[in-house]
Amino acid sequence: MPGRTLAPMSIRVRIAPSPTGTVHLGLARTALFNWAFARGSGGSFILRVEDTDKSRNSAESQAAIMDGLAWLGLDWDEGPDVGGPCGPYLQSERLASHLEAAERLLASGHVYRDFSTADELDAWRAEQEGAKQRRAYRGRDRDLAPEISAARAAAGEEFAVRFRIDEGQSTFTDMVRGTVTIPHAEIDDWVILRRSGGPGGGPTYNFVVVCDDLAMGISHVLRGEEHLVNTPKQLLLYEALDSAPPLFGHLPLMLGSGGKKLSKRDGHTSVGDYRDLGYPPEAVVNFLALQGWALDGEREVFSVAELQAAFDPRAVSKAGAVFDQDKFMWLAGEYIRAASVAELAQRCAPFVVAAGLTTADDLASRADWWRAVVAQEQERIRLYSEIPERVAYLFADDEAVPYAPKAEKNARRHESRLDTLAAFADFIASFGGAGGAGVAGAAGADGVGGAAVAGGADLPAPAELSDATKAWMAERELPFPAFGQPVRCALTGLPGGPDLFETMVLLGSQKTLARLAAAGARLSTD
RNA sequence: GGCCCCUUCGUCUAGUCAGGCCUAGGACACCAGGUUUUCAUCCUGGCGACAGGGGUUCAAAUCCCCUAGGGGUCACCA
């Protein structure tokens with residue numbers, strides 16, 4: 001059923017990746033826009049895999065593509081895995097229909113057999129090299145009488161099938177670019193079927209994409225700008241097939257910092273890279289949506305629901321967008337700060353395990369404690385992957401907590417450090433065991449106080465400990481830095497970090513004491 | 001090189017279709033303050049653009065033309 005439908009209720013869009021094994025950011029954004037367009041208009045989003053021949057590992061690569069899209073939260077209504085009324089959704093399985101279409105075009109004279117050889121083509125190309133204005137290629141045999149052409153084919157002579165381009169020009173209205181006109185003198189009599197016989201034979205991309213879009217009733221094609229100049233070829237093909245074409249919209253390219261099409265040279269370019277780097281998928285989607293589109297020009301952080309509701313291909317910008325890593329990371333941080341502690345804890349856990357700090361079982365066995373740890377770091381990280389290095393001290397040996405140079409330097413700045421450390425240790429010891437666990441329950445589910453219970457610690461809740469310590473400091477006329485810097489170094493070895501009292505509770509009195517003692521020795525001499 | 005597309009702060013963009021509300025708005029980055037036990041968060045302020053030139057108009061970022069620059073594409077790849 002050839003589809004053409006402009007009615008909102010029958011919007012059908014697709015993403016047609018070739019199974020390369022990774023989801024390139026450009027593909028991801030194209031998929032996202034198509035998906036948002038479909039979801040926002042009650043239409044359908046279709047996944048079709050362009051697995052034309054080759055690739056022996058296509059099953060694997062195909063799975064990788066689907067995983068990538070799914071990770072982003074994109075889902076499709078029809079596709080190789082879920083089926084649908086217009087299947088098969090694997091291009092390689094649609095060959096028969098492609099051949100059938102080619103047959104029809106041959107009969108109607110829109111295409112012709114070209115018996116010229118590769119050498120002849122090369123010669124022609126070489127001849128065009130120096131020409132000031134290259135002419136479009138017209139097949140040597142484009143005017144061969146049909147009977148003769150058929151007879152030669154029947155006799156076993158090899159040929160390619162080319163599309164006959166007539167004089168004139170093609171004009172169409174692009175959803176994002178407006179009116180585009182391309183003279184036919186620029187368009188070759190392009191090949192729809194490769195030279196018969198050999199292993200490379202078969203239908204070409206521009207041909208099958210039209211056949212398949214037609215068969216699947218695709219109403220709108222949103223794709224990258226690199227396809228803009230292919231559009232007239234496809235338009236002419238729809239016409240030859242006696243069908244109405246879909247509406248086209250060509251998205252601006254995503255650019256690397258050099259201003260050229262984003263490529264491997266620009267660093268991380270696939271969705272999987274960002275997943276591994278610790279970006280929240282929601283942030284990736286949000287950022288991708290910002291490349292060439294804007295909600296209202298004011299709000300940078302928005303949900304997919306808002307994207308779906310507001311997306312309109314006609315509002316996509318025409319100019320390419322340079323991929324800004326800084327802004328991307330900022331956005332990731334926004335999502336991390338907005339996440340619930342429970343969810344954040346869950347998403348960060350694998351990174352901590354992968355870093356070798358502990359096991360998943362350990363974190364699961366003291367989930368309250370782990371959540372409290374994550375809550376402490378929430379406003380300090382932009383990526384899940386930043387968690388391990390920040391919390392590594394919690395898992396370190398008390399006697400050998402790594403001291404960052406700056407932390408140690410800060411600590412040594414204070415002449416009184418050794419006295420302070422020793423005296424404070426006594427102060428902490430005074431809380432030892434004395435019914436601390438009894439009051440901790442008041443601290444709330446996600447709070448550090450709650451974690452103290454899970455961790456078996458025996459210190460008062462952080463606020464209480466803080467008040468008590470401050471009173472203790474006042475007595476000794478000790479300014480906060482003189483206390484804080486040596487203690488922070490002793491407990492964490494880091495120059496900065498979360499509230500010290502929360503940290504002590506997380507550590508528990510035993511570890512706190514052990515670290516204070518170790519620091520007394522480690523910070524004594526030079 | 002031919003053809004096609006594009007051109008607002010360093011970057012992502014709003015505004016351009018329906019010219020005046022734009023001494024061009026927001027965000028990232030950067031700089032300076034503030035809050036703070038450090039780090040971070042957060043808050044305030046600053047820096048910073050209509051590629052250039054001609055028109056049209058009472059009025060142009062917005063319309064027209066030219067120039068320049070950038071990108072894409074020129075396969076029996078997808």
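Here the structure is a predicted model, which is why all the values come from computation and not from measurement. A note on names: the letters A, B, ... follow the listed sequences, proteins ahead of strands, and every chain is numbered from 1.
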Checklist entry - Can you check the A:M254 CE to B:G71 C1' distance for me, whole Å? => result 15 Å
Checklist entry - Hey, does A:S116 reach any base, or is it just sugar-phosphate, or nothing, if we go heavy atoms under 4.0 Å? => result base
Item to check | Ring geometry between A:F163 and A:W190 (parallel below 30°, tilted from 30 to 60°, perpendicular above 60°) | outcome: parallel
Item to check | Lys/Arg N to Asp/Glu carboxylate O, A:R347 vs A:E282, below 4.0 Å | outcome: yes
Item to check | Short side-chain N/O contact to B:C42 OP1/OP2 from A:R337, under 4.0 Å | outcome: yes
Checklist entry - With sequence neighbours excluded, what pairs up with A:R299 under the salt bridge (Lys or Arg N to Asp or Glu O under 4.0 Å) test? => result A:E306
Next on the checklist: Heavy atoms only, 4.0 Å cut-off, all strands: where does A:G497 land among base, sugar-phosphate and nothing?
Outcome noted: base
Checklist outcome for this item: Pairing partner of B:C63, by Watson-Crick or G-U wobble and under 3.5 Å for both distances, is B:G55
Item to check | Whole angstrom value for the distance that separates P of B:U41 from CD of A:E386 | outcome: 11 Å
Item to check | Nucleotide nearest A:N206 when distance is taken to its side chain, options B:C74, B:G72, B:A78 | outcome: B:A78
Checklist entry - Between B:C47 and B:G72, how far is it from one P atom to the other, in whole Å? => result 36 Å
Next on the checklist: Any salt bridge linking A:E379 with A:R337? Criterion: basic side-chain nitrogen under 4.0 Å from a carboxylate oxygen.
Outcome noted: no
Checklist entry - Which comes earlier along RNA chain B counting from the 5' end, the contact point of A:Y205 or that of A:E379, where each point is its nearest nucleotide? => result A:E379
Item to check | Pairing nucleotide - B:U7, Watson-Crick or G-U, each distance under 3.5 Å | outcome: B:A68
Item to check | Residue from A:Y384, A:Y274, A:Y335, A:F351 passing ring pair (Phe, Tyr, Trp, His ring centres under 6.0 Å) with A:Y279 | outcome: A:Y274
Item to check | P-based separation of B:A18 from B:C65 [nearest Å] | outcome: 15 Å
Next on the checklist: Base, sugar-phosphate or nothing for A:L253? Non-hydrogen atoms, less than 4.0 Å.
Outcome noted: sugar-phosphate
Checklist entry - Roughly how many Å is it from CG in A:L383 to P in B:A40, rounded to a whole number? => result 16 Å
Next on the checklist: Taking only the C1' atom of each, what is the distance from B:G46 to B:G52 in whole angstrom?
Outcome noted: 29 Å
Item to check | Per-nucleotide protein contact string for nucleotides 2-22 of chain B, where B marks a base within reach and S marks sugar-phosphate only (heavy atoms under 4.0 Å, - for neither) | outcome: BSSSSS---BBSS--------
Item to check | N/O donor-acceptor pair, side chain A:R380 with base B:U41, under 3.5 angstrom | outcome: no
Next on the checklist: If I pick the C1' atom on B:C28 and the same atom on B:G20, what distance separates them, to the nearest angstrom?
Outcome noted: 32 Å
Checklist entry - What is the distance, rounded to the nearest whole Å, between atom CG of A:D326 and atom C1' of B:A29? => result 6 Å
Next on the checklist: Going by purine N1 to pyrimidine N3 plus the second Watson-Crick contact, or the G-U wobble pair, all under 3.5 Å, which nucleotide sits opposite B:A24?
Outcome noted: none
Next on the checklist: Need the pair for B:C31. Rule: Watson-Crick or G-U wobble, both distances under 3.5 Å, any strand; none if unpaired.
Outcome noted: B:G45
Would you list the protein and nucleotides 43-53 of chain B atom pairs, both N or O, that sit under 3.5 Å from each other?
none

Checklist outcome for this item: Sorted by position of nearest nucleotide on RNA chain B, 5' first, the leading residue of A:I381 and A:H227 is A:I381
Checklist entry - With rounding to whole Å, what would you report as the distance between B:A14 and B:C22 at their C1' atoms? => result 11 Å
Next on the checklist: Whole angstroms only, please: what is the CD1-P distance between A:I387 and B:A40?
Outcome noted: 16 Å
Next on the checklist: Measuring centre to centre across the rings, with the benzene-like ring taken for any Trp, is A:W472 within less than 6.0 Å of A:F424?
Outcome noted: yes
Checklist entry - Using a cut-off of 4.0 Å on non-hydrogen atoms, how would the nucleic acid contact of A:H250 be classed: base, sugar-phosphate, or nothing? => result nothing
Checklist entry - Which word best sums up how the rings of A:F248 and A:H250 line up, parallel for under 30°, tilted for 30 to 60°, or perpendicular for over 60°? => result parallel
Item to check | A:D212 and A:R94 ion-paired at < 4.0 Å | outcome: yes
Next on the checklist: Could you tell me the Watson-Crick or G-U partner of B:U73, where both distances fall under 3.5 Å? Say none if there is no partner.
Outcome noted: B:G2
Checklist entry - Using a distance-only test with no angle check, is there a side-chain donor-acceptor pair under 3.5 angstrom linking A:T22 and A:S270? => result no
Item to check | Touch class at under 4.0 angstrom, heavy-atom based, for A:P17 against every strand present | outcome: nothing
Next on the checklist: For the C1' atoms, the ones on B:A59 and on B:G19, what distance do you get once it is rounded to whole angstrom?
Outcome noted: 8 Å
Next on the checklist: Please report the distance, rounded to the nearest Å, between CD in A:E127 and P in B:G1.
Outcome noted: 22 Å
Checklist entry - Separation of A:E389 atom CD from B:C39 atom C1', in whole Å? => result 13 Å
Next on the checklist: What's the gap between B:C4 and B:C30 when it is taken at their C1' atoms, as a whole Å value?
Outcome noted: 38 Å
Next on the checklist: What's the gap between B:U56 and B:A68 when it is taken at their P atoms, as a whole Å value?
Outcome noted: 23 Å
Checklist entry - How are the rings of A:F287 and A:F328 set relative to one another: parallel (under 30°), tilted (30 to 60°) or perpendicular (over 60°)? => result parallel
Item to check | Qualifying residue, where the test is salt bridge (Lys or Arg N to Asp or Glu O under 4.0 Å) with A:D189 and the options are A:K233, A:R142, A:R162, A:R164 | outcome: A:R142
Checklist entry - Please give, in whole Å, the distance from B:G26 P to A:E334 CD? => result 17 Å
Next on the checklist: Under 4.0 Å, heavy atoms only, any strand: does A:N230 hit a base, just the sugar-phosphate, or nothing?
Outcome noted: base
Next on the checklist: Tell me whether the rings of A:F311 and A:W293 are parallel (<30°), tilted (30 to 60°) or perpendicular (>60°).
Outcome noted: tilted
